[in-house]
Amino acid sequence: MAGKIFIAIDRLTLALDKLSAKIDLWIPASLQTDNRELTEFVPYHAGMVPILDRQTTLPPKKILLPQVETLLRFEHRKDPQNPLKVSVSLDDKSEVRPALVFGARPCDVKGFLTLDRVFTNGPYVDPYYLERRRNTLFATLVCLQADGTCFCSSVGSGPADTEGSDFRVIPVDGGYVVDALTQKAQSLIDSLGDTPTQHQEAQARQVVEEASQHRVGDLDLTGSAEAFRKRFANDDYWQEMTAQCLSCGICTYVCPTCYCFTITDEIENMRGERLRSWDSCMFYQYTLEASGHNPRPSKLNRYRNRAGHKFSYIPEKYDGLIGCCGCGRCIRSCPVSIDIRQIVGRLKENACESE
Amino acid sequence: MIETDTMQLHKLVEEALPELDTMIGWAAGEDALHTTPIFIRGAKSIPRLIWSPFCAQNLTGYLVKPPALKPADKHKQIGICVKGCDSRSLVALIQEKFITRDRLRIFGIPCRGTVDWRKVMRQVRLSHVRSAKVEDNRLIVDDAGGTHKLNLEDVLARKCLRCLYPNPVVYDVLVGEPTVSRIKPEDIYRDVDALEKRPLEERLAFWQSELDRCMRCYACRNACPLCVCQEHCIAETRDPKWLTLRMGIPEKFLFHFIHAMHLAGRCTECGECERVCPMEIPVTLMKEKLNKIMEEMLGYVAGLDPTAIPPLLTFNPSETGV
């Protein structure tokens, strides 16, 4: 039957091998053979085993928004007859190949919905992001591994959310039932497995049903955007909330929705590249102006920007979309255990210790 | 034992608080395996203060990193909790005149080792951790899957397994009983020794593979109490532009080795750089190698004597042939 297949656990690598023959495949895995906690999305090659029993340390963000990408290459040429005359040649060719991300989670994919609004829906469309977005499919797991730091249900998503996904991968006894959700997915699914039995289909329906009922996280964001605006100028609140912060870039780099970037020209002699790189509002240099003035001189200003961006500016600009996917990575990876749920949750409290 | 130490700490802090501007210690973090720093200004926050094997963070950085904690009232002191390793950072900061000894009230805590939560997760995949405690040589964790008992040695931070100074080297009051080191002095560089035995190509490949994972989040630098250039670090300055923003191994290599070289003879091996690294890169190992050289060539160990001058901070015009 088209549109729905069953992949037995012992046939998973075979299915991935078949997929990777048709399309560039990314899977959650550990790059190292030694025993590490660290997992991330990596290009698949035969024999790799996907790690599907837990959320990856790093989200799949880099697949659509690489940490560093070359926007264009340039070369200055002097006219041999007249060395004062310099011409510039530009080359912005880039190749984007169709790709499939297997084993993302609803929060991972939800993260891209924020990036989509910024890069593809505004007055300026980003051709680099758009091209990759159009060519990348997501096979998303129904997530049964929510941890104590997860709060996807609080941000309008949930463990069975399919928004932004092309396939839904449902763990059942002995394997996975995979649903094709989009036209593009339909064309890839047929040869990957067998038709599910009625029992497997029924079990898959039950897994989805139960996951849909499961509320992950109890952060209530009603009124948070407004509460943020009211607290904006209260430096004491932000000072208290961010005193621990080390101003490192971990929370932004592990965040599926952080998209701030910087553009630099890296030049050697007469040629160079224009690079776009991830930036982080936790860094002092983030909004440092050429004059030396910095509108966000201290970590309280910068962390406030992070919280405001996700829970106030984005919802207000993009029809209530929350700029956070509730994956909990920033909490789990923070070296000083800063919890964004508390910082945002307490915005609505009447008074903080110092007020 | 730990519970008694926490109670003793509460009592000592309560007594000292009127003379303190701020008291820096640890409080419960996002789950039972984590703690978070707490900055106490009023007595009602004292009950949140804890001491446990999960108090891994070195808090001394808050005394020097922008915005550095300074007493609003210059007659008051800053109180701070330090383990043995952390106290050595204080010594180095005092030596380098970043802080003044008499402006501090140091609560020294003998430490039997701190737990590395990533090592715990490698042993057993925990979810919704409810409680965690150390009893004798075991870590006992309760999570959604039940109770897990782990061998403490398997989950202690690497720095704790090779710690020679579990007792604070500088303090005003001591919380709890002094303890003994887990390691013989001749073994403390065993990780460096193991790496040095490998051929050059293998060592190069090791560091290339480790550093390739670096995301340049600069958590290692920002967590280091002695990495004091902070906002003017050469890794980020654009004028002059020492490093590009490319994510190649050469850029990462250069950053990490500059970081390590700037700490030669200053690093007290508190292990913060390695603890905070989200990519699990053994960044302290580079500094251990430099410290080994410092000890062998110059007989100097950082962070022990507040009156000593670290060798690379001296300048003697008559020196030749160095």
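The sequence lines fix the lettering, A, B, ..., with proteins before strands; numbering per chain opens at 1.
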Side chain to side chain contact (heavy atoms under 4.5 Å, CB included) assessment of B:E236 paired with A:Y284: CA-CA 10 Å; B:E236 288 171 292; A:Y284 176 76; over 6 Å; no
Is it the case that more than 12 heavy atoms not belonging to B:D73 sit under 6.0 Å from its CG atom? yes
Tell me, do A:E240 and B:F39 make a side-chain contact under 4.5 Å, heavy atoms counted? no
Please classify the contact between A:I250 and chain B as side chain, backbone, both or neither, with a heavy-atom cut-off of under 4.5 Å. both
Does the distance from a Lys or Arg side-chain N to an Asp or Glu carboxylate O, for B:R125 and A:E37, drop under 4.0 Å? yes
So, the part of B:W26 with a heavy atom under 4.5 Å from chain A: the answer is neither
Using non-hydrogen atoms only, which part of B:Y218 is less than 4.5 Å away from chain A: side chain, backbone, both, or neither? both
Which heavy atom of A:Y253 sits nearest to which heavy atom of B:M215, and what is that distance? CE2-O, 3.2 Å
Sidechain-backbone polar pair: B:E231 side chain, A:F283 backbone, donor-acceptor under 3.5 Å: no
When heavy-atom pairs shorter than 4.5 Å are enumerated against chain A, which of B:K119, B:M279, B:R216 gives the highest number? B:M279
Partner chain A: residue of B:G29, B:A56, B:P278 with the largest heavy-atom pair count (under 4.5 Å): B:P278
With only heavy atoms counted, which part of A:I267 is less than 4.5 Å from chain B, the side chain, the backbone, both or neither? backbone
Rounded to the nearest 0.5 Å, what separation is found between the OG1 atom of A:T149 and the CG atom of B:D31? 8.0 Å
Has B:N222 got a side-chain atom pairing as donor or acceptor with A:S247's backbone, closer than 3.5 angstrom? yes
Can you tell me which of B:C220, B:A144, B:G61, B:A219 forms the most heavy-atom pairs within a distance under 4.5 Å of chain A? B:A219
If you count heavy-atom pairs under 4.5 Å with chain A, which of B:T244, B:V276, B:I24, B:L245 comes out on top? B:L245
Of the backbone (N, CA, C, O) and the side chain (C-beta and beyond), which part of A:T262 lies under 4.5 Å from a heavy atom of chain B, both, or neither? side chain
Verify, without hydrogens or angle tests, whether A:D147 (side chain) and B:H128 (backbone) share a donor-acceptor contact under 3.5 angstrom. yes
Going by atom types only, do A:S337 and B:E30 share a side-chain donor-acceptor pair under 3.5 Å? no
B:K133 NZ: over 12 foreign heavy atoms closer than 6.0 Å: no
Where does A:S280 contact chain B at under 4.5 Å (heavy atoms): side chain, backbone, both or neither? neither
If the contact rule is any heavy atom under 4.5 Å from chain B, which residues of residues 49-58 of chain A qualify, in numerical order? A:D53, A:R54, A:T57, A:L58
Only pairs at least two apart or in different chains count here, so list each salt bridge (charged side-chain N to carboxylate O under 4.0 Å, His left out) that has a residue in residues 258-276 of chain A. A:E69-A:R276, A:E75-A:R271, A:D126-A:R276, A:D265-A:R274, A:E266-B:R238, A:E266-B:K241, A:E268-B:R246, A:E273-B:R246
For A:K299 and B:Y62, which heavy atoms make the closest approach, and how far apart are they? NZ-CE2, 4.3 Å
The single option from B:E272, B:Q57, B:K65, B:R221 that satisfies side-chain contact (heavy atoms from CB on, under 4.5 Å) with A:L246 is B:Q57
